[in-house]
Undergrad: 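One structure, as structure tokens, below. Some questions next.
Predicted, not measured: the structure shown is a model, and the values here were computed from it. We're numbering straight along the sequence, starting at 1.
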Amino acid sequence: YLTEHTRTYNFANMKYGERLRLARERAGLSQQQLADAVGIKQPSVQHLEDVRNDSAGSIHTVTFARTCGVSADWLADFRTRGPQEVSWQG
């Protein structure tokens, strides 16, 4: 599906958990695979991605970013570091 469609994401109000989930999914990783790569438990990834928890970040942000192939700055807080919309073809 992702290889056949272009999606435009509005990052202006995106929370940390949403950015983490998007980066993980774009990298083709499950929560368990990301957790294993970073050295934490899967429920920790699930907790961070759950926007109801309003996570502001993680001590693992840099490792998450490297594992998912995104900028740590973007993952930490995109609103101050780029355009309001980005179009990804995937």
Undergrad: If the condition is side chain to side chain donor-acceptor pair (under 3.5 Å), which residues does Thr67 pass it with, not counting sequence neighbours?
TA: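 Here no residue qualifies.
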
Undergrad: Looking at Met14, is its backbone amide N or carbonyl O close enough to the side chain of Arg19 to form a donor-acceptor pair, meaning the two atoms are under 3.5 Å apart?
TA: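 Yes, the answer is positive, given that a donor and an acceptor are paired below the 3.5 Å cut-off.
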
Undergrad: Can you name the nearest heavy-atom pair linking Lys15 to Val51, along with the distance?
TA: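 So the two residues come closest at NZ-O, 4.0 Å.
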
Undergrad: Return all side-chain donor-acceptor pairs below 3.5 angstrom for residues 35-44, not counting sequence neighbours, or 'none' if the list is empty.
TA:
unit_1, atom_1, unit_2, atom_2, d
Asp36, OD1, Gln32, NE2, 2.8
Gln42, NE2, Gln31, OE1, 2.6

Undergrad: Looking only at atom types and distance, does a side-chain atom of Asn53 sit under 3.5 Å from a main-chain N or O of His47, one as donor and one as acceptor?
TA: yes

Undergrad: Can you see which heavy atom on Cys68 is nearest to which on Leu29, and at what distance?
TA: SG-CD1, 4.4 Å

Undergrad: For Tyr16 and Ser58, work out which heavy atoms get closest and say how close.
TA: OH-CB, 3.7 Å

Undergrad: If I compare all heavy atoms of Ala72 with all of Thr61, which pair ends up nearest, and what's the gap?
TA: O-CG2, 4.1 Å

Undergrad: Identify the two heavy atoms, one from Ala65 and one from Ser71, that lie closest to each other, and give their separation to 0.1 Å.
TA: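 That closest heavy-atom pairing would be CB-C, 3.9 Å.
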
Undergrad: Please name all residues satisfying side chain to side chain donor-acceptor pair (under 3.5 Å) with Ser30, sequence neighbours left out, ordered by chain then number.
TA: Gln33

Undergrad: Please identify each residue that fulfils side chain to side chain donor-acceptor pair (under 3.5 Å) with Glu18, with sequence neighbours left out.
TA: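 Side chain to side chain donor-acceptor pair (under 3.5 Å) check on Glu18 returns nothing, list empty.
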
Undergrad: Using side-chain heavy atoms (C-beta onward) and a distance below 4.5 Å, is Leu20 in contact with Leu34?
TA: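 The answer is yes, as the side chains (C-beta and beyond) meet within the 4.5 Å cut-off.
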
Undergrad: With Arg21, which residues qualify under side chain to side chain donor-acceptor pair (under 3.5 Å), at least two apart?
TA: none

